[in-house]
Engineer: 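Before I ask anything, here is the structure I am working with.
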Amino acid sequence: MEFEDFVRARGPALLRYGYVLTGNADDAADLVQEALLKLSGSWARVRNKDNPEAYVRTTMARQHVSWWRRRRREHLTNDVPEGSYTDVHTYGELWRELATLPRRQRVVLVLRYYEDLSDKEIADMLGISRGTVRSQAFHALNALRVKPSVRASLRGEQRA
Amino acid sequence: MRSEEDLVLTMRAAAGQTRLPPDLASGVAGRRRARRARKRAGAALAAAAVVIVIGGISVGTSGQERTIPPAASPAGQEPAASPSSAIRPATEVWPEAVTRIPATDRPVTALSATEVLLYKDERFEVYDSATGRTRVLGRVPAAPSRVAVGTQDIAWADTKLGLWVLPRQGGQARRVGTAAADVYELAVTDGFLVWSGERPGVYRMPLAGGTPELMPGAGELRLASWPYAHAWDAAGNVTRIVDLETGRSTPVAVPEGADRWQCGPEWCTGLVNERPIVQRVDGSGRRTLPRTFMGYGLWWLLDDRHALYRVYEPDVNKAGVPLAIVYDLATGEMGGVGERTPGVEGGDVGRVQDFPTLFWDAGARFYRHCADRSCEIRTRGGGKEYTVLNVAAIRG
């Protein structure tokens, strides 16, 4: 597969992921392009040996918590998604509140609930300890007034 | 009370709402050009970011990159491959250009055969390896994002676009003026500060102060190494070299299909079919470098005739393999920089901005830290001293 084919095929999914990570379309496009730029530099090597998509997603998550924050002003989004499910109001509010979280907490939640990764996977991906992942998730859920379920408390043990 | 299910649904709903921009691929190409400009500018000197680790791709590739065979080159063009372990260390090849400094200091650039400029505790200092002493040049009131060293002055741009000078002999820092946009390239001459930013255009300001002035005929140029400026094509290849002092403009013979084409006043290097090649500005003297050589990041020219290449050595357990090669484009002389740790496919060399000064910790060992989705090369040990190679001090 050529790099351009990869971008065409996986671009939309990466943008969606970027949107959930950053909370707005411009930053999402920035983040994806930045990560793809890195990938393009080593495409010949990564495409055969490694999983390019996992590489890009890891790059995006890390980038979003690290140097990214120095370049972008923090901003709240007014861009409320309106899904086709019943309680639009609740979800819209939750989306807005996500934007108030510190970056790392948000990234941890996105990796946990959108990417469905285990705490260990998240810890490895971000280069932090599993305890830190848990405490970040705890603080974030607390701030969002989300009740951690039995599923969440078991998650780490089940998948570790 | 909300549930985790709400979070999952909210995120999925948000993802489904994403507006797709028209063309990601062309966005990436444009970003690569801008990045190239930025790469030349190097890392901000401010705060802890003094060291730019050249060529290091921050996530996940430092190890992987070195394991893949280089692209094939057309038959007949290729010099005999020199085994990577047969490359003599730069410290032996060019002992006159080597200095050592305590690892507690981070070098900015070498100033002479024995002197190294340091930025430390909001001051510029000079370490002299002949005496083992450090002397303070002066306080830096606003942290530098870009530094230039002239014959008389050290100049810098701060993170808020302020432009400053400090006498090279030491003294008081003086604010000269303000740039209109981020400073990527900076030079200090006897009478002026000269700079360019992300967009083309070379500007200057008298050292006495004033407002930025676009230099005549330099609207489409980017400052390279004073007095030279470059014109780039859309891909970021250097296509023209202009001497800003004399106005002399020299076209560059860019090979068909060249990538990351970069030039000093006499020599150019870049990739063709992913293989590094070297030729004179006018296209003569072209040669494809041995398979041992790989491009290093986006810009690997070190000064007007030396370049830094990564080493291709697929045998990870081989001992005595340098981390990188400094190569004399004119004579073909080369020296290895640093040393790989057997079993580890990586390790990097320090360089600040595009100063022709490299440094590494010869006592450090590398190891590969892998998590299930990515790997990176980390360092352990060392911490005693940096070996500093002042490429500008190489005689020959």
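Each chain gets a letter, A, B and so on, in the order its sequence line appears, and its residues count up from 1.
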Engineer: If I compare all heavy atoms of B:Glu4 with all of A:Val146, which pair ends up nearest, and what's the gap?
Structural biologist: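 Looking at all heavy atoms of both residues, the closest pair is N-CG1, 3.6 Å.
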Engineer: Distance check, rounded to the nearest 0.5 Å: B:Arg2 atom CZ versus A:Glu93 atom CD?
Structural biologist: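 One finds 6.0 Å between CZ of B:Arg2 and CD of A:Glu93.
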Engineer: Side chain, backbone, both or neither: which part of A:Leu98 has a heavy atom under 4.5 Å from chain B?
Structural biologist: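 Side chain of A:Leu98 only, per the 4.5 Å heavy-atom cut-off to chain B.
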Engineer: Please report the shortest heavy-atom distance between A:Tyr114 and B:Met11, naming the atom on each side.
Structural biologist: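 Heavy atoms of A:Tyr114 and B:Met11 come nearest at CB-SD, 3.8 Å.
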Engineer: In Å, rounded to the nearest 0.5 Å, how long is the span from OH of A:Tyr113 to CD of B:Glu5?
Structural biologist: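 The distance works out to 10.0 Å.
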Engineer: Does B:Pro200 have any side-chain contact (heavy atoms from CB on, under 4.5 Å) partners at least two apart in sequence or in another chain, and if so, which?
Structural biologist: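 Counting only residues at least two positions away or on another chain, B:Pro200 forms a side-chain contact (heavy atoms from CB on, under 4.5 Å) with B:Glu220, B:Arg222.
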Engineer: Checking A:Val32 against chain B: side chain, backbone, both or neither under 4.5 Å from a heavy atom?
Structural biologist: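 It is the side chain, since no backbone atom gets that close.
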Engineer: Residues in side chain to side chain donor-acceptor pair (under 3.5 Å) with A:Arg10, at least two apart?
Structural biologist: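 Side chain to side chain donor-acceptor pair (under 3.5 Å) list for A:Arg10, sorted by chain: A:Glu53.
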Engineer: Please round to the nearest 0.5 Å and tell me the distance separating atom CG of A:Leu144 and atom OG1 of B:Thr10.
Structural biologist: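 Nearest 0.5 Å value for the CG-OG1 distance: 9.5 Å.
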Engineer: Which atoms form the tightest heavy-atom contact between A:Val20 and B:Ala15, and what is the distance?
Structural biologist: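 Result for this residue pair: CG2-CB, 3.7 Å.
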Engineer: Should A:Leu141 and B:Leu7 count as side-chain neighbours, where that means a heavy-atom distance under 4.5 Å?
Structural biologist: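 Yes, close enough: below the 4.5 Å cut-off.
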Engineer: Please classify the contact of A:Leu14 with chain B as side chain, backbone, both or neither, using a heavy-atom distance under 4.5 Å.
Structural biologist: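 No part of it gets close to chain B.
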